[in-house]
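This report concerns only the one structure given below.
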Amino acid sequence: MTGLNFVGAGLIVIGAGLGIGRIGGSAMDAIARQPEASGKIQTAMLIAAALIEGIGFAALFAA
Amino acid sequence: MKGNFSVRLLTAIMILFSVSFASAEVKSESENQEGKDLKTEIKEYIDHHLLDSYDFGLYSYTTEQGEHKYIGFPLPVILIDGGLKVFLSSKFHHGETVAEVGGNYYKLYHNKIYKTDAAGTITYDEAHHPTNANPLDFSITKNVFFILLVSILMFVMFSRMAKKYKSNPLPTGIGRALEPIILYVRDDIAIPNIGKKHYKRYMSYLLTVFFFVWIINLLGLSPLGVNVTNNIAVTFALALITYLITTFTANKNYWGHIFWMPGVPVFMKIVLAPIELLGTIIKPFSLMIRLYANITAGHVVLMSIIGMMFIFKSWIGSPLSFGLAFALSLLELLVAALQAYIFTMLSALYFGSAVEEHDH
Amino acid sequence: MDKLIEQFSFGLFFWQLFLFVGLLFLLKKFAWKPILEAVNAREEGIKNALASAEDAKKEMQNLNADNERLLKEARAERDAMMKEAREIKETMISDAKEEAKAEGAKMIEQAQAAIQSEKNAAISELKSQVAELSVGIAEKVVRKELANDADQSQLIETLLKEVTIS
């Protein structure tokens, strides 16, 4: 691993973190707006977060 | 019941710490004489922990005489190298001696079995990788042993639970705790994603994979420290089964959407076909990577924080990292269940897309 | 990525695949199928019980409604009967009244007619008696008057005169 790899890994983590953060934030907003739909929102949130996480990890291993 | 559980959890975590403590401390002492860096020492220890091994080692230490002692028991090694070769891993003496089986010599080097000559010479290339041949290895390693153990555990648990339903329609004993989870998998994972019409076909796989991943993740957190799901081979096998089930149960709609996407111009259809085809492989691939990476990352971070205790060796740093490790262990308990849930959920999602019926 | 490929252990993969598929089929046969069937049967049972309870409730409601309806009908019938009876009574009374009135009127009429006829008869009798009486008186008068011829002829004369004048 050269130094650039670490920079790349950092960028990936920042990107994935921002993405998952946005998902979580939006889910919170949605739950606040519609508390009765919280179960469905959580499921959708987890799936979306997992998808981003998967891409993030794949990129991390590639880096 | 809850209090009992937390007490047990606490004990489990304590034992985990003490085990890591014992081995790490002894090693650090022996290495300190050689003046080796403690950080590399911890890194090596973590790497070793993450790897599979040929014997079931509970822990190891070095005596004052400089003799390595291993607590644990050997497991059978099965090699296919000009015939089936079966022997116990104790023959390797943890890589210290050469094992001679049926005229062939094998040596354990960095947790891999290499074919060597009688003296156990290992030749290296420039990048310090051994150039010796690897025999085809079907050994019952620590992880395989644990997979077997979990399989037996699950079989006993669930078949007993099933038997009890014959006499009493209400769940009893352990079934009382397991039935809601089974119903959860059915009502909240299978039915919403696959649909009421087809979900029954996939229930067996979804339930098996959910409980398998969950139990094995939890046991990975136990003091035995056998983390099976941080082996890419294991997650690959699971993802492969998901992929195969998706592929072989898919209806013509699914294939139609891959090769000839309806509702877009012909040019786009030609462009989309390879992308969609690639997508079918990327989906299980991401399943594999996700499970592997989450568990590996969790273990690495947890063990690094435990390792920090030995680096700081101060009144502030060590309790701090102890607290952090404790919190992280709790988080890992959640991750263990979450990853099982995500794996099952996404599998169900893929199955659902395979049997979905479009009406346009 | 290289590390991943290097780490990949074919033996572990084989065993995982083999054991997992084995576990899958064993559990399918011995655990999931009976468990899910039992749970389904139980849920089906609960659903059926609930449905039958609902049915019974509906039946009950129907019965109640029937009872209510019958009661209402009976009440209505009773009311109708009472009304009819009252009507009959009233018509009877009014009929009787009318009849009595008619009868009375008739009787009065008859009485008046009888009175009239009696009166007429009395008048005619009176007339005839008066005539007889006057004839008798006239005879007597005439007999006495006509005892001499002169008077007789005078009378005839006057009478004739009277007749011619009238």
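Residue numbers begin at 1 in each chain, while the letters A, B, ... track the order of the sequences.
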Check whether any side-chain N or O of B/Asn217 sits under 3.5 Å from a backbone N or O of B/Trp214 as a donor-acceptor pair, and report yes or no.
no
Under a 4.5 Å cutoff for heavy-atom pairs, which residue among C/Phe10, C/Phe20, C/Phe14, C/Phe25 has the most contacts with chain B?
C/Phe20
Quick check on B/Met154 against chain C: is it the side chain, the backbone, both or neither that has a heavy atom closer than 4.5 Å?
both
Compare every heavy atom of B/Asn231 with every heavy atom of B/Tyr292, then report the nearest pair and how far apart it is.
CD1-C, 3.9 Å
Between B/Thr141, B/Val150, B/Ile182, the one whose heavy-atom pairs under 4.5 Å with chain C are most numerous:
B/Ile182
Quick check on B/Phe145 against chain C: is it the side chain, the backbone, both or neither that has a heavy atom closer than 4.5 Å?
neither
Part of B/Ile152 within contact of chain C (heavy atom distance under 4.5 Å)
neither
Quick check on the interface: out of B/Lys200, B/Lys166, B/Met203, B/Arg186, who has the most heavy-atom pairs with chain C under 4.5 Å?
B/Arg186
Does the separation of the ring centres of B/Phe138 and C/Trp15 fall below 6.0 angstrom?
no
Heavy-atom distances under 4.5 Å only: say whether B/Leu148 touches chain C with side chain, backbone, both or neither.
both
Would you say the side-chain atoms of B/Thr246 pair up with the backbone N or O of B/Phe351, donor to acceptor, closer than 3.5 Å?
no
Determine the option with the most heavy-atom pairs under 4.5 angstrom with chain B, choosing from C/Leu23, C/Leu17, C/Val39.
C/Leu23
Heavy-atom pairs under 4.5 Å with chain C, option from B/Glu179, B/Arg160, B/Met157 with the top count:
B/Glu179
Which one, B/Asn143, B/Val228, B/Leu238, leads in non-hydrogen pairs under 4.5 Å with chain C?
B/Leu238
Greater than 12 external heavy atoms within 6.0 Å of C/Glu87's CD:
yes
